Each structure stands twice: as C-alpha cells, then as structure tokens.
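Input: a single structure, listed below in structure tokens.
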Amino acid sequence: MKMYAVFLGPPGVGKGTIAGRFKEKYDIPTIVVGDILRKHVAEQTELGLKAKQYMEAGDLVPDEIINNMVRDVILSGEWENGFILDGFPRSLPQAEALEDIMKELNKPLTGVFFFEAPEDVIIERISGRLICPKCGAVYHIKNLPPKKPGICDKCGTKLIQRPDDKPETVKRRLAVYREATAPLVDYYEKKGLLYRIDATQGIDQVVSQIESIVNSRVK
Ligand code: AMP
C-alpha cells in the first residue's frame, strides 16, 4: 500500500495512533509536525525558540515558519511508500502551501481523512494520553496502556504527559482547531478529497476503513 495522505481532525482524536499502524503494517512514514516542533524546542534551535511560546499557549505557530519547515522535510525526503501528514495543514494558508509542495514533488494527494469524534471523547482521550519523549509513540492510560506502566513498549523510555495536554491548554487548542483548522473540511470537500472517518470506532476498524478507501482510489 502506498499513499500521500493528510490526517485531519481535532487534537487527541487518534490521528497519531492510526498513523502508527500504517507505519507498522505498510512502512508508510508519518510526518508528525508537532513532534518535529517539539524536537526543535528540546534542542533549542532558532526555530524551536520561536515556536515555543505559541506551543505552550496552545496557539498555532505562524504559517510561514511551518510552511517552510514542512516544505524542507517533504522535498528533502525519499517517499517510496508515500507519507501521512499528521498535524499539517492546520489553516487555509497551510493547505495552499501544501498544494504547491505536492506540485513540486509531482505527486497528487491520495486523500484527506477527517477524523470525527464528539468533544467529550476527545477530552477523555487527551487527558489520559501519554507520549514517549524519545520516539513519539502514543499511549492512553486506559484505552491503550503500555505493557509496563509508564514505560514505552518500543524504546523503554519513561512516558510523559505533554505539557499542552493540561486542561487549560486543551481548551485553547480546541478553540484554535475550530477557528483555523475546521474550515479545511470544506476546502477539501470541494476538491473531492475529503473522507470522513468515525474516530469513535476501534483502531482496527478505522484502519480497515482507510485501507478500503485508499485501495478504491488507487485502482
Ligand atoms: P500537535 O502535536 O499536532 O498537537 O501539535 C502541538 C503544537 O504544535 C500545536 O498546539 C501548535 O502550537 C504546534 N503546531 C503543530 N502543527 C502545527 C501547524 N501545522 N501549524 C501551526 N502550529 C502547529
């Protein structure tokens, strides 16, 4: 399986978890824009120093910074099996930038998968979320616990709660999502690229729904 996909949806809806399955099953890599930013912040790069204040507040990092960063990542990579974009685009200017990037790459987007779930489900998922600060693997205290409590199954690192997963910041992130990111649903619907995914289903069901859409588009 090969795809150039966007996973769109509110924070905490499960995009990263599902993308991880496509990496395991088909070796399709995910470009996790939040992880790239968190790495810049941890390494205190120039970009990281600029991004930090926005991230801590739950706001979007300015489009220009993000667009240049994603452009560099995509155009400098080899994408034998395509890629999944998680956390980009998050605004209309970013969606337009992605169109230019895909033109330069000379590949069409396979589809934009829009993950939907009611707000109480999202809040429950975010408040129990644990991440591995080293490899980016995502767990949930109840729904997807690691084998050893508090330890990453994949690399043995101690899991943490993301500082921006605290309730005050989550509220702001959801508001930013509704304002800046939700309009992309319309944008991609008009382009005939939008596929709605019921993200309250189990992980395996979501994966197989996406598999059948990709298979039907590629044929
Ligand atoms: P995420 O891990 O996707 O929830 O992203 C964490 C934070 O990184 C967001 O709350 C934003 O501050 C920033 N961020 C991630 N992706 C983007 C993007 N496409 N545009 C602007 N800011 C972003």
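On a predicted model such as this, the values are computed, not experimentally measured, just so you know. Both ligands and their constituent atoms are indexed starting at 1 by order of listing.
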So do the side chains of Pro167 and Ser127 get within less than 4.5 Å of each other, counting heavy atoms only?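 Pro167 vs Ser127: side chains apart.
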Side chains of Leu37 and Leu47, heavy atoms from C-beta outward: is any pair under 4.5 Å?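 A side-chain contact exists here, since the closest heavy-atom pair is under 4.5 Å.
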Any residue meeting ring-ring contact (aromatic ring centres under 6.0 Å, His included) with Tyr139, in chain and number order, not counting sequence neighbours: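 In terms of ring-ring contact (aromatic ring centres under 6.0 Å, His included), with neighbours along the sequence ignored, Tyr139 is linked to no residue.
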Can you list the residues that meet the ring-ring contact (aromatic ring centres under 6.0 Å, His included) rule with Phe83, with sequence neighbours excluded?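 In terms of ring-ring contact (aromatic ring centres under 6.0 Å, His included), with neighbours along the sequence ignored, Phe83 is linked to Tyr4, Trp79.
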Can you give the donor-acceptor pairs under 3.5 Å from side chains of residues 190-201 to other protein atoms, not counting sequence neighbours?
| unit_1 | atom_1 | unit_2 | atom_2 | d |
| --- | --- | --- | --- | --- |
| Lys191 | NZ | Glu99 | OE2 | 3.0 |
| Tyr195 | OH | Arg217 | NH1 | 2.9 |
| Arg196 | NH1 | Glu116 | OE2 | 3.2 |
| Arg196 | NH2 | Glu189 | OE2 | 3.3 |
| Asp198 | OD1 | Thr200 | N | 2.9 |
| Asp198 | OD1 | Thr200 | OG1 | 2.6 |
| Asp198 | OD2 | Thr200 | OG1 | 3.4 |
| Gln201 | NE2 | Asp198 | O | 2.9 |
| Gln201 | NE2 | Gln209 | OE1 | 2.9 |

Arg173/Asp165 ion pair, N-O < 4.0 Å: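 A salt bridge is present here (some side-chain N lies under 4.0 Å from a carboxylate O).
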Tabulate distances under 3.5 Å between N/O atoms of ligand 1 and N/O atoms of the protein, writing both atom names on each line.
| unit_1 | atom_1 | unit_2 | atom_2 | d |
| --- | --- | --- | --- | --- |
| ligand 1 | 2 (O) | Arg38 | NH1 | 3.0 |
| ligand 1 | 2 (O) | Arg38 | NH2 | 3.0 |
| ligand 1 | 2 (O) | Arg162 | NH1 | 3.0 |
| ligand 1 | 2 (O) | Arg162 | NH2 | 3.2 |
| ligand 1 | 3 (O) | Arg90 | NH1 | 2.9 |
| ligand 1 | 3 (O) | Arg90 | NH2 | 3.2 |
| ligand 1 | 4 (O) | Arg90 | NH2 | 3.3 |
| ligand 1 | 4 (O) | Arg162 | NH2 | 3.0 |
| ligand 1 | 4 (O) | Arg173 | NH2 | 3.2 |
| ligand 1 | 12 (O) | Asp59 | O | 2.6 |
| ligand 1 | 16 (N) | Gly87 | O | 3.3 |
| ligand 1 | 16 (N) | Arg90 | NH1 | 2.9 |
| ligand 1 | 19 (N) | Gly87 | O | 2.7 |
| ligand 1 | 19 (N) | Gln94 | OE1 | 2.9 |
| ligand 1 | 20 (N) | Gln94 | NE2 | 2.9 |
| ligand 1 | 22 (N) | Val61 | N | 3.0 |

